Amino acid sequence: MKKMSKWIVTCAWPYVNYIPHLGTMIGSALSADVIARYLRMKGEEVVFVSGSDEHGTPIEVEAVRRGTNPKSLCDENHRKISELFKRWNISFDNYSRTESEYHKEFVKNFYLRLYGKGFVYEEEVELPFCPRCQRFLPDRFISGACPYCNFEDARGDQCDGCGRLLEPLKLLQPKCAICGSKPEVKKTKHWFFDFPKLTEKLKEYIESAPLLTENAKNMSLSLLKEGLRARSLTRDNKWGIEAPFPGSEGKTIYVWMEAILGYISATIEYFANVGSKDKWREYWFDKKCRLLCFIGKDNIPFHTLILPALLMASNEGYVLPWGVSATEYLLFEGQKFSKSRRIGIWIDEALEMFPVDYWRYVLLSTRPEGRDSSFSWSVFKELVNTQLNDTLGNFVHRVLTFTSRTFSSLIPAPRSSWVSEELWVQVLKRFSACTHNLDNLRIKDALQEVMNLARDGNKYLNEQAPWDLIKRGDVERASTCIYVCLNAIKSLSIMLTPFIPTTANEIWKALGLQSHVWEESWYEATKPLEPGTRILEVKPIFTKIK
RNA sequence: AGCGGGGUGGGGAAGUCAGGUCAUCCCGCGGGGCUCAUAACCCCGAGAUCGGUGGUUCAAAUCCACCCCCCGCUACCA
């Protein structure tokens, strides 16, 4: 038996000004869930945490727009999103939020210690300020005409007309994007994290990190090559965590710089809630514990450079990300998901249309691992109908039906040489390939391997033709064939569990097994069924769509 | 503009870092088989000079140079 290890599995914290869409789902929570479930089934010690990212300007603005306040808006969205993650069967141990007291406490103390270690310094800067909103304006909250091409609706950081990068104050007729007033320039003081100090150590880290996806590694190295710049830690927002530095009253910590520490605070909160207050240290301070982060490509620098830098700077012995799995983008019918233009599907409306496992299967099958991929209804329909339903569903159904009619619903006894049957050999092969792929976070390939096993099953059944064997009176060979097929179904059920747990469990139950499949060991996939067990009444597990 | 990623039969993808064993997989399409099964399943076949041009090599989807097209990022959006 393999030695157990500790794992902290995390996924990017959704920003909760709105409900997450399918792209957010596949890039973070769903991918992380597959691996968390897989590791637990292997018997590893896993803590799977995430939470709602709640602070910052966009939430403040959204709250104003809805005529509410940031806190109520966040309470409501956090509640909705937590509920949705449950309905998507995301097996978080703790889905926390940046408004959690544990988080605020941890962040303030952490930065205070960093300050004490000389990694934080203050500097005066000039920033655009809206006198009417009484608010400093992030670049994107300023709009105006582009000074190069006269495009009228250029944002403060970049012109959508000509693509040029802009200085917000060089726009012609600059306007506050919230109220339309003319911004002025105001001096303000901010605190900065001395990030460049750690360039060499970060380079070593990136080069030796065990499991970075290619995009994560390349982008990080390229940023290091360009040279790091100090990151500002503070903002003049009201809605956020108070900056704890001497003289920083009235400032809050920049959202990213606090949310990224949520992985730690959510672990602390989790263990406090289950009554083992100090146990989080056994994860975060154990050099052999593996921290695994699931993110979309836009979050790469924060996980491969900023988080490690903060943890290194603290010099307190935190584990650095052991693996970072960054997906490319999921597009919707070839276009970017867009809330304002209503392009895409959001995780609440998805569940109103189809069962959760249909979505999980399609998203995991099209997971953008090497390049952007596109969700489309035609792909959705193809995958559900031809793969889930025809290949997998039908294999299970024909075997169970045959068992029920020919063997009175009892699992038949095979002849002793059954282990050398072709399909069983395939089971062992597919199982080991699937395991290997999951170990390397190749989720799509792993799932493909499972589906291939269902194909092997259909093929074996056609070749053996047990209905023919029965007609010719060869009950022993027919029994062996069906026994092997039933065992393949059991393996399928185990292997499907991380991907589509509800369906996997239905299959498991159909075989007459009593437990919940997710409580079983991963290695149960290659252990044979007990002949004589009664299978349940057969009903199709999927239905075709449209 | 700079940086990063991508362009592979009709659609969707793998293969490219370590050149040959490579043109693969899922669908679609054409033909055949089977009748246990949700018109499902199985077999066979047609279809691609791997974005373009040039180069290196006995050999290039893979390496080099230049060009065209798509997407993302560029640090105060989060």
Side-chain angles (χ1 to χ4, degrees), chain A residues 12-17 53 55-59 61 125 127-128 136-142 155-158 162-165 168 190 195 214-215 218-223 225-226 228-232 234-237 254-256 259 296-302 305-306 328-329 331 334-336 365-366 368-374 376 378-379 381-383 385-387 389-391 393-406 442 444-445 448 451-452 454-455 457-470 478 481-482 485 538-544:
Chain A
W13 291 38
Y15 194 69
V16 298
N17 57 345
D53 180 6
H55 299 135
T57 313
I59 299 265
V61 173
V125 288
L127 290 173
F136 281 93
L137 296 170
D139 291 354
R140 289 209 180 172
F141 282 86
I142 299 173
R155 290 167 303 163
D157 52 351
Q158 185 166 28
C162 66
R164 262 178 272 244
L165 294 184
H190 278 303
F195 190 31
E214 218 175 296
N215 52 0
N218 291 344
M219 173 171 280
S220 309
L221 287 175
S222 133
L223 288 170
K225 216 169 94 191
E226 278 172 37
L228 303 176
R229 279 180 264 161
R231 291 292 294 227
S232 93
T234 50
R235 291 287 185 277
D236 285 296
N237 290 352
Y254 171 40
V255 218
W256 252 116
K297 63 178 164 186
D298 49 336
N299 287 347
I300 290 170
F302 293 98
L305 299 173
I306 291 181
E328 300 289 310
Y329 283 139
L331 306 174
Q335 291 181 284
K336 252 193 110 171
S365 299
T366 51
E369 289 181 358
R371 65 170 111 169
D372 293 352
S373 69
S374 184
S376 69
S378 61
V379 167
K381 191 177 153 191
E382 177 200 315
L383 291 175
N385 287 353
T386 70
Q387 296 193 18
N389 189 78
D390 295 349
T391 303
N394 191 232
F395 173 61
V396 172
H397 194 249
R398 62 200 294 220
V399 172
L400 292 180
T401 308
F402 197 88
T403 307
S404 145
R405 298 213 181 133
T406 311
R442 299 172 67 114
K444 214 160 55 162
D445 288 349
Q448 218 26 251
M451 205 44 72
N452 283 338
R455 290 189 181 97
N458 278 317
K459 184 175 172 183
Y460 174 79
L461 206 52
N462 273 49
E463 283 167 356
Q464 297 294 312
W467 47 90
D468 230 30
L469 295 171
I470 290 290
C481 166
I482 291 301
C485 287
V538 184
K539 50 176 193 276
I541 44 178
F542 302 106
T543 45
K544 285 207 189 198

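This is a predicted model, so every value here is computed, not measured.
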With stacking defined as ring centroids separated by under 5.5 Å and planes differing by under 30°, is A/Trp467 stacked against B/C36? yes

What is the base-pairing partner of B/A13, counting Watson-Crick and G-U wobble geometry with both distances under 3.5 Å? B/U24

Indicate, yes or no, whether a donor-acceptor pair under 3.5 Å links the base of B/C41 to the side chain of A/Asn462. yes

With sugar-phosphate meaning primed atoms plus P, OP1 and OP2, does A/Thr57 contact a base, only sugar-phosphate, or nothing at under 4.0 Å between heavy atoms? sugar-phosphate

In terms of the nearest nucleotide of RNA chain B, which residue is placed more toward the 5' end: A/Asp445 or A/Asn237? A/Asp445

So what does A/Thr543 hit on the nucleic acid, given a heavy-atom distance under 4.0 Å: a base, only sugar-phosphate, or nothing? nothing

Within the 4.0 Å heavy-atom criterion, would you say A/Pro540 contacts the bases, only the backbone, or no part of the nucleic acid? base

Does B/A1 have a Watson-Crick or wobble partner in any strand here, with both distances under 3.5 angstrom, and which is it? B/U74

Quick check: any donor-acceptor pair below 3.5 Å linking the side-chain of A/Tyr254 to the base of B/A75? no

Let's test your reading of the model: under 3.5 Å, does the base of B/C76 pair with the side chain of A/His190 as donor and acceptor? yes

Which one, B/C77, B/C41, B/C73, comes nearest to the side chain of A/Thr391? B/C41

Have a look at A/Gln387 and say if it touches a base, only the backbone sugar-phosphate, or nothing, with a 4.0 Å heavy-atom cut-off. sugar-phosphate

Within less than 4.0 Å of OP1 or OP2 of B/U35, is there a side-chain N or O belonging to A/Arg398? no

Does A/Lys444 have a side-chain nitrogen or oxygen under 4.0 Å from the phosphate oxygens OP1 or OP2 of B/C25? no

Round to a whole Å and report the spacing from CG of A/Asn385 to P of B/A40. 9 Å

Ignoring backbone atoms, test whether A/Arg371 places a side-chain nitrogen or oxygen under 4.0 Å from the OP1 or OP2 oxygen of B/C70. no

